[in-house]
**Student:** 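Next up is a structure, given as structure tokens.
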Amino acid sequence: MPNLHELYMSEALKEAKRAFEEDEVPVGAVIVHQGRIISRGYNQIERLKDPTAHAEMLAITSATNFLGSKWLNEAALYVTIEPCSMCAGALVLARFKHVYYGAKDPKTGACGSVVNIINHKKLNHRIKTKGGILAEECGELLSEFFRRKRK
């Protein structure tokens, strides 16, 4: 029986699979507010020709539009891979309460793998963070994508 974190991460994984099907790096995200998913996003960098079109960024824009507020201080982000520095910066600026991610990102992770923007002591906001939720499934989808690219 999956717990609530696994349930929300499985929804983020569905978004990542959409990206995979569209030949985008398979990263997916959902934002939860008051116990319900209020936005979804998946990488659309190639489709939109926009280096900022990460799953997290698209989900943040959708969530702020939905709530009519620039602050997401009662929201939680579920994302299939550890956010990069751009996304982590946006999460801090939006004042998220929680960030949950699947796989660690040893190349660009900004929640502790490479840098720790999300909990940097000099920034005015820190976010409670937990990684490793459905990490194997999240990581395998990314690995499969890059295996296919190398062929």
Side-chain angles (χ1 to χ4, degrees), residues 2-16 18-20 24-143 145-146:
N3 65 34
L4 213 46
H5 294 310
E6 290 173 347
L7 183 71
Y8 290 134
M9 189 61 72
S10 69
E11 290 298 312
L13 262 167
K14 287 178 187 175
E15 295 301 310
R18 287 182 69 186
F20 186 95
E24 296 273 0
V25 175
V27 178
V30 298
I31 295 176
V32 177
H33 182 263
Q34 296 180 344
R36 73 180 225 242
I37 295 171
I38 61 166
S39 72
R40 298 171 176 270
Y42 62 93
N43 275 5
Q44 295 183 49
I45 296 160
E46 301 302 326
R47 171 199 261 180
L48 300 175
K49 308 289 185 257
D50 179 355
T52 69
H54 289 201
E56 301 96 318
M57 301 297 280
L58 298 172
I60 289 168
T61 298
S62 178
T64 57
N65 287 333
F66 179 83
L67 293 175
S69 173
K70 64 182 177 180
W71 305 127
L72 296 170
N73 53 338
E74 293 301 317
L77 171 79
Y78 288 81
V79 61
T80 55
I81 192 167
E82 180 181 0
C84 70
S85 57
M86 173 185 68
C87 294
L91 294 165
V92 170
L93 291 173
R95 299 188 178 170
F96 270 80
K97 188 172 191 172
H98 298 279
V99 169
Y100 302 98
Y101 63 88
K104 282 192 168 291
D105 185 346
K107 292 184 179 180
T108 65
C111 298
S113 288
V114 177
V115 293
N116 195 349
I117 290 172
I118 253 170
N119 283 302
H120 195 284
K121 54 186 166 267
K122 288 192 175 186
L123 295 177
N124 67 344
H125 181 74
R126 285 176 243 349
I127 303 170
K128 293 176 184 159
T129 309
K130 181 178 182 189
I133 300 165
L134 300 182
E136 194 171 314
E137 294 94 322
C138 294
E140 181 50 41
L141 187 61
L142 285 157
S143 295
F145 177 81
F146 288 110

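Values below: all heavy atoms of this structure, side chains included; hydrogens, waters and symmetry mates excluded. The structure displayed is predicted, hence computed values, not measured ones.
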**Student:** State, to 0.1 Å, how close Leu77 and Ala29 come at their nearest heavy-atom pair, and which atoms those are.
**Tutor:**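 Heavy atoms only, the tightest pair is CD1-CB, 3.9 Å.
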
**Student:** Taking His54 for its side chain and Glu56 for its backbone only, find out whether a donor-acceptor pair lies under 3.5 Å.
**Tutor:** no

**Student:** Counting N and O atoms only, with roles assigned by atom type, does the side chain of Glu140 sit under 3.5 Å from a partner on the main chain of Glu137, one being a donor and the other an acceptor?
**Tutor:**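 Flag not set: sc Glu140 to bb Glu137 has no pair under 3.5 Å.
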
**Student:** Would you call the rings of Phe145 and Phe20 parallel, tilted or perpendicular if under 30° counts as parallel and over 60° as perpendicular?
**Tutor:** perpendicular

**Student:** Would you say that Thr108 contacts Ser85 through its side chain, given a criterion of any heavy-atom pair below 4.5 Å between the two side chains?
**Tutor:** no

**Student:** Going through the checks in order, is the side-chain contact (heavy atoms from CB on, under 4.5 Å) test met by Glu74 and His33?
**Tutor:** CA-CA 6 Å; Glu74 293 301 317; His33 182 263; 4.0 Å; yes

**Student:** Minimum heavy-atom separation for Pro26 and Ala16, please, with both atom names.
**Tutor:** CB-O, 3.4 Å

**Student:** List the atom of Ile117, the atom of Gly89, and the distance in Å for their closest heavy-atom pair.
**Tutor:**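 Result for this residue pair: CG2-N, 3.9 Å.
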
**Student:** So which heavy atom on Tyr42 is nearest to which on Glu15, and how close?
**Tutor:**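 Looking at all heavy atoms of both residues, the closest pair is CB-O, 3.1 Å.
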
**Student:** When rounded to the nearest 0.5 angstrom, what distance separates CG in Leu7 from OH in Tyr78?
**Tutor:** 9.0 Å

**Student:** Please check if the side chain of His125 supplies one atom and the backbone of Phe96 the other of a donor-acceptor pair under 3.5 Å.
**Tutor:** yes

**Student:** Examine distances only and state if a side-chain atom of Thr80 and a backbone atom of Gly28 form a donor-acceptor pair shorter than 3.5 Å.
**Tutor:**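 Checking the backbone N and O of Gly28 against the side chain of Thr80, a donor-acceptor pair under 3.5 Å is found.
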
**Student:** Quick one: do Glu11 and Arg40 make a salt bridge, cutoff under 4.0 Å?
**Tutor:** yes

**Student:** Okay, side chain of Thr61, backbone of Leu58: is any donor-acceptor separation there less than 3.5 Å?
**Tutor:**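 Judged by distance alone, no pair lies under 3.5 Å.
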
**Student:** Is a side-chain donor or acceptor of Glu82 paired with a backbone partner of Tyr101 at a separation under 3.5 angstrom?
**Tutor:** no

**Student:** Which distance, rounded to the nearest 0.5 Å, do you find between the CD1 of Ile118 and the CG of Leu91?
**Tutor:**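 Nearest 0.5 Å value for the CD1-CG distance: 5.0 Å.
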
**Student:** At their closest point, which heavy atom of Asn124 faces which heavy atom of Arg95, and how far apart are they?
**Tutor:** ND2-NH2, 3.5 Å

**Student:** Which value, rounded to the nearest 0.5 Å, describes the distance between Leu141 atom CG and Phe146 atom CZ?
**Tutor:** 10.0 Å

**Student:** For Asn119 and Ile127, indicate whether the former's side chain and the latter's backbone hold a donor-acceptor pair under 3.5 Å.
**Tutor:** yes

**Student:** Just by distance, do the side chain of Asn43 and the backbone of Glu24 share a donor-acceptor pair under 3.5 Å?
**Tutor:**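 Judged by distance alone, no pair lies under 3.5 Å.
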
**Student:** Looking at OG1 of Thr64 and NZ of Lys70, how far apart are the two atoms once the value is rounded to the nearest 0.5 Å?
**Tutor:**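 If I round to the nearest 0.5 Å, the distance is 11.0 Å.
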
**Student:** Of all heavy-atom pairs between Ala103 and Cys138, which one has the smallest distance, and what is that distance?
**Tutor:**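 Closest pair (atom of Ala103, atom of Cys138, distance): N-CB, 3.9 Å.
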
**Student:** What distance do Ser10 atom OG and Leu134 atom CG have between them, rounded to the nearest 0.5 Å?
**Tutor:**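 Here the rounded value is 6.5 Å.
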
**Student:** Out of curiosity, Leu72 CG to Ile38 CD1, how far, rounded to the nearest 0.5 Å?
**Tutor:** 6.0 Å

